[in-house]
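In what follows, a structure is listed as structure tokens, so that the remarks can point back to it.
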There are 2 protein chains.
Amino acid sequence: MPTKPLPIAPHDDVRQRLMQEAITLFVEHGYAATSVRQIVAAAGVTKPVMYYYFGNKEGLYLEIINGISQQFDQLIAGMYATSGSVRQRITDLFTGILDSVQDNRAVVKLVYAIYFGPPQGAPFVDFNRFFDVILGTVNDLLTEGISGGEIIPCNRDALCWSLVGSHQIVLEEQICRTTPRISREGIIQIVNQILDGVAPRTNNSTFEGVDR
Amino acid sequence: MPTKPLPIAPHDDVRQRLMQEAITLFVEHGYAATSVRQIVAAAGVTKPVMYYYFGNKEGLYLEIINGISQQFDQLIAGMYATSGSVRQRITDLFTGILDSVQDNRAVVKLVYAIYFGPPQGAPFVDFNRFFDVILGTVNDLLTEGISGGEIIPCNRDALCWSLVGSHQIVLEEQICRTTPRISREGIIQIVNQILDGVAPRTNNSTFEGVDR
DNA sequence: GTCTATATTGAGATAGAC
DNA sequence: GTCTATCTCAATATAGAC
């Protein structure tokens, strides 16, 4: 006996389509310069549909932000499983984030635009958290590396900022340039070169480990 | 015998006031979300005054961008005079830019918003040049440092990106946080620590020069 | 849920007096 | 050069039929 189609999530695709097109347009023209007219046209529906699902333009925007926030938390949550040397775990963290950034360029561009840009009339969103999580994680790993002898006693703060800064600039290359001048292999080499500089020295060796 | 007041630059202050208030508002709300109504109100004049001086909103925006571009060129031009070790010259370059950024926070915030953000209906402006000048300068200095023996043969690209990335993240702290967690002393320490890692080694020394 | 049609507001920009 | 008053258009948002 055939059952009726379940009434749950009746037209979830329309919601998704609206959000997807809105992301594209917000990235391209910004929140204020994107009209709901453009959004609904891109999604192939009419204005009242948008207002039906999201209440208003702000509601649509906030739903998008929520989704991004959850995506980020899931990404980071899936990274605490790594084990191995501190150097390896930092490299894994950085390349993991980089891979995710390359797979979600549009969303990441939106995040950067919101982080560095003005509110544009849109509700304020604090993305500092994203950055602070990375900063805190690297700081913890370095502390562990120093106490464990993998890294010599040095200026840990400077080390932390230089690593995170190098990582950030690689991410920024991915989203600001059509052909990034540095990416996955580059950040690995940077991490190695910086950490080689603060690695314990063997007695009579020439400098080893550069450009591994 | 009293002479008439000179007719040159009759009301240049009005122009300047409009541009200054526009910068503040563009930083605060973005180009699209700032109305000329708000701008002229902040400057204490009426709309036709703005249209008289700048033609339209875009014209005002472009004048601001032009001014910023010239400021940057002057800043960089005043930096090629430095001499000394490569390490010193990189430090001078970074701290010089940092000082200027701290003195012009509003303008720099605008630059970052334009660089990372969407056009918002404003004419496109390419600020990649700013960044590329810094990148090129550091790269040249490192090349000189390696050939001169101040820096050991190593991965120069990785070194360049790590230095510039570290510098960038310090700048970003200045404009994104009310109380930056790292600034002038921090970037000096970072440069020293990174360059210590690729400095020629004395024979039987313990590791020297960290955290100087 | 989705549409057509419309209400309402505020935007950029200008005419014309002084 | 600067004002008041006004034009024109596009934006957000909603009413009400289906």
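Letters go in sequence order (proteins before strands), and every chain restarts at 1. On a predicted model such as this, the values are computed, not experimentally measured, just so you know.
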Sequence neighbours left out, cut at 3.5 Å: what donor-acceptor pairs do the side chains of residues 114-121 of chain A make with other protein atoms?
unit_1: Tyr115(A); atom_1: OH; unit_2: Asn128(A); atom_2: OD1; d: 2.9
unit_1: Gln120(A); atom_1: OE1; unit_2: Tyr31(A); atom_2: N; d: 3.3
unit_1: Gln120(A); atom_1: OE1; unit_2: Ala32(A); atom_2: N; d: 3.4

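- For Lys57(A), whose side chain is taken as the heavy atoms from C-beta onward, the closest listed nucleotide among dC3(C), dT2(D), dA13(D) is dA13(D).
- Put simply, CD on Glu58(B) is 15 Å from C1' on dA11(C), counting in whole angstrom units.
- For the pair Tyr53(B) OH and dC3(D) P, the interatomic distance rounds to 10 Å; values are reported in whole Å.
- Look at CD on Gln120(A): it is 13 Å from P on dT12(D), rounded to the nearest Å.
- When each of dA13(C), dG1(C), dT14(D) is scored by its nearest atom to the side-chain atoms of Tyr51(A), the top-ranked nucleotide is dT14(D).
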Asp196(A) vs Arg87(A), salt bridge (Lys or Arg N to Asp or Glu O under 4.0 Å): CA-CA, chis, key distance, verdict: CA-CA 10 Å; Asp196(A) 283 342; Arg87(A) 179 185 295 224; 2.8 Å; yes
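- Annotation for Leu18(B) and Tyr53(B): closest pair CD1-CD1, 4.4 Å, computed over non-hydrogen atoms.
- Regarding contacts with the backbone of dC3(D), every side-chain N or O of Tyr52(B) stays at 4.0 angstrom or more from both OP1 and OP2.
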Evaluation steps, side-chain contact (heavy atoms from CB on, under 4.5 Å), between Val138(A) and Phe94(A): CA-CA 10 Å; Val138(A) 172; Phe94(A) 284 177; 3.8 Å; yes
Trace of the salt bridge (Lys or Arg N to Asp or Glu O under 4.0 Å) decision for Arg129(A) with Asp73(A): CA-CA 10 Å; Arg129(A) 185 172 66 88; Asp73(A) 288 336; 2.8 Å; yes
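- Distance CD/Gln70(A) to CG/Leu75(A): 13.5 Å, rounded to 0.5 Å.
- Listed in residue order, the members of residues 19-48 of chain B having a heavy atom less than 4.0 Å from DNA chain D are Val45(B), Thr46(B), Pro48(B).
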